[in-house]
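Below, chain A is the first sequence line, B the second, and so on; all start at residue 1.
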2 protein chains.
Amino acid sequence: MADYREMWSQLGLDLELHDQLCAALPPLFEGAFLHQKDRPSGMDYFNMVIAEVHGLRIKELVDHKRNGGFVAGSFCVYVPEELVMALGGVMVGLCAGSQFWVPEGEKVLPRNLCPLIKAALGAKLSKTCPYFQSVDLVIAENTCDGKKKAWEEMGRLVPTHVMDLPNRKSPEGLALWRAEVRRLVSRLEGISGRKLTYDSLLSAIDKVEAKRQALRELYETRKADPVPISGIDALVASQIAFYDDPDRFTAMTAQLAQECAQRVQGGIGVFPKGTKRILLTGSPIVVPNWKVHHVIETTGAVVVVEENCTGTRYFTGSVDRSPRDLDGLLDALADRYIRDINCACFSPNDGRADDVVRLAREYKVDGVVDVTLSFCSTYQVEQGSLQRRMKAEGIPFLALETDYAPGDEGQMRTRIEAFLESL
Amino acid sequence: MADYREMWSQLGLDLELHDQLCAALPPLFEGAFLHQKDRPSGMDYFNMVIAEVHGLRIKELVDHKRNGGFVAGSFCVYVPEELVMALGGVMVGLCAGSQFWVPEGEKVLPRNLCPLIKAALGAKLSKTCPYFQSVDLVIAENTCDGKKKAWEEMGRLVPTHVMDLPNRKSPEGLALWRAEVRRLVSRLEGISGRKLTYDSLLSAIDKVEAKRQALRELYETRKADPVPISGIDALVASQIAFYDDPDRFTAMTAQLAQECAQRVQGGIGVFPKGTKRILLTGSPIVVPNWKVHHVIETTGAVVVVEENCTGTRYFTGSVDRSPRDLDGLLDALADRYIRDINCACFSPNDGRADDVVRLAREYKVDGVVDVTLSFCSTYQVEQGSLQRRMKAEGIPFLALETDYAPGDEGQMRTRIEAFLESL
């Protein structure tokens, strides 16, 4: 890795602590990824992105800001990146995936809170996330109690704009969300000094759609048996979608998808034909949280699809491009988010179970593993109804709860082994 | 107690299990209440109400239904009881306050969820709550993730109407809530076979206002030193407000308030003048959860005001009676709930800290005790900002977390003793 210490220092990182973090990532990545055999060569790019996660990409953000651009960060697939892009900004996913940040987060948040939220606050508080140090604005959202209330603390540390999501996909809920989309536009116009136009929004919609389309093409190849790419490799590509340069990401992911499609044509897989196929659903799985995929794929099964925010929910549905004015296009943008993404923050949320059933059939899975983060109440309560639905559909189902702390892999492996044997 | 077994049996209660519950309540009530000295004689009525909690009041509900009326149940101060009343219904608070119901609730809900929600589900599942067995409709609300998602399970057990609360007190949030109030009207009109009229709504608003006013008068007397009534006695009156006959409750509470006012004039108190005065804030405290009040008031201090849903939030603010048509009156009703009640379900919720500071001054308290139920994330995360605010205002602050299980009284007593010594 190039020497970025000068840049990190200027970003106000705690260099000593950040060194510890940087030292921990390579062995973690090696252990989870580099032991794999017959990986598509297109993964080389994604290996590089992870290796440069606090380097090259941060330098791009710094350069972008130096050229007058702004950077916004988020934690959620409901935040419309199209708006940031249309106003000349760069959107990045923020650090929230490592146990490294949890203890610091617990200084300001209750321990009985999901690790993702504690890690997010801890990453900012500890000054070890260069993304946090680069953003002009955090675009947060009310998707759960923990986040909603934690943003009050976040707002003390970094400029934070909270988007209010409704709890129900009602006409009034949609009206509220459409108004929220416009409130974000105003905020971003203020930061960028630009006015949102029909053309700039349409162009951003196309750019994001291209990114989502590349991921769809990649996922499409995972329907094959043997599967041309491991679940953990597909996962890391989805994770990287949140913070990589969008055009480059689209090109590299489309290329990877093409390589995988060729593999499918040639009958080439990374696991033997007939390997047990798993659909993984539940809470978001963000970098560098690769635990469950790693355990499943070193226990003789393969994850072929993720029905979660770092999976299909990221690229589901398209914005309707037919409106001919800005107002209509903004409504169409808002509608795609509420209509197409089925998060447990909504009640009822039967659409998610429908999605899981549909994907289970399309990807011909042998079983569904529902992975929730500890204290992620919305997904944990929904587990009951999801389990009943899976039973009714005759789809084997395993519920796992985990957090970011190491130490539960052994128990998890035992449970997954028993589940696979039962299939 | 009269013999209600025939009635309970007809309501579908599990009689054997319900006997266990009924056997547990009297010693609990005795231990928490009857040891107190110099209680106002007006408390005799409330003693009787608790003794008859599963008897006389249930018989009244059964009679009301026999006469063609309906019964609705709720768990939250945001559910507008005025609408139920205006359409000829009776509104009752539902069972959710005892550890007795928690294990049954944990069969369908994660253990990492607040005891109030687990107890609510458990009370219904175990068929030991005659209120649940009497209601035609549960009127639920999206005030937290746990409740929002648990209602999906509740809806499988009993007709449940969920009111959607916004996460923010924005104009769009208020519009959503006003629409929700109208959606509830439609549902209740369907159940009652009546149409809501201006006159019936105004009359119900007056009836509920009278109830709230009686509680305000009672609380007003608690500003005196010596305080004429214990905190636990005032608490049980507030708790009973949720399910007693409203006219009778108003009359008896006004009478109690009058007696307390006379005591104040005569300098008569239940604790010596100069006893340390506590404001209690936090999560709701519902029947028969009297733990924290009991511990505080047997440790040499007195609770003089509760800033919670079973305290000031229940009676804060009045509905504007000036609109001259039904639509205007419905808006005014909706507005009172959003405007005047400061629940941690909102973000930001600075109004709550303002309320605590104002009440702390008005009731001349020596310290604030913030009591949260385990896994009540909204109040627990808000604890940080509340604590900072108290520090800035120079008000001593103690944070306590508890659930319904016995066993933490000793530790709680130690912490409260240390807090009182520090005052």
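Counting heavy-atom neighbours within 6.0 Å of Lys291(A) NZ, excluding the residue itself, gives a total above 12.
Among the candidates Val162(B), Val381(B), Asp145(B), the residue making the largest number of heavy-atom pairs closer than 4.5 Å to chain A is Asp145(B). When the candidates Ser377(A), Ser347(A), Gly155(A), Ser374(A) are compared by the number of heavy-atom contacts under 4.5 Å with chain B, Ser347(A) comes out ahead. Here Asp164(A) is the residue among Asp164(A), Asn349(A), Asn112(A) with the most heavy-atom pairs under 4.5 Å with chain B. In terms of non-hydrogen atom pairs under 4.5 Å with chain A, the most contact-rich of Gly146(B), Cys345(B), Ala150(B) is Cys345(B).
With a 4.5 angstrom heavy-atom cutoff, Arg183(B) touches chain A only via side-chain atoms. Residue Arg178(B) does not touch chain A at all, counting heavy-atom pairs closer than 4.5 Å. For Glu152(B), the part sitting under 4.5 Å from any heavy atom of chain A is the side chain, from C-beta outward, and nothing else. Both the backbone and the side chain of Leu176(A) come within contact range of chain B, judged by heavy atoms closer than 4.5 Å. No part of Gln383(B) comes within reach of chain A, as not one of its non-hydrogen atoms sits under 4.5 angstrom from that chain.
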Handout entry: Steps toward side chain to side chain contact (heavy atoms under 4.5 Å, CB included) verdict (Arg313(A), Arg352(A))
Key = CA-CA 10 Å; Arg313(A) 277 180 229 144; Arg352(A) 177 177 165 228; 3.6 Å; yes
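Checked against the 6.0 Å centroid threshold, Trp151(A) and Phe75(A) count as a close aromatic pair.
Cysteines Cys376(A) and Cys114(A) keep their SG atoms at least 2.5 Å away from one another.
No hydrogens or angles considered: nothing links the side chains of Arg156(B) and Ser385(A) as a donor-acceptor pair under 3.5 Å. Side-chain atoms of Asn142(A) and Lys149(A) include no donor-acceptor pair closer than 3.5 Å. Between the side chains of Glu180(B) and Tyr337(B), not a single donor N or O lies within less than 3.5 Å of an accepting N or O.
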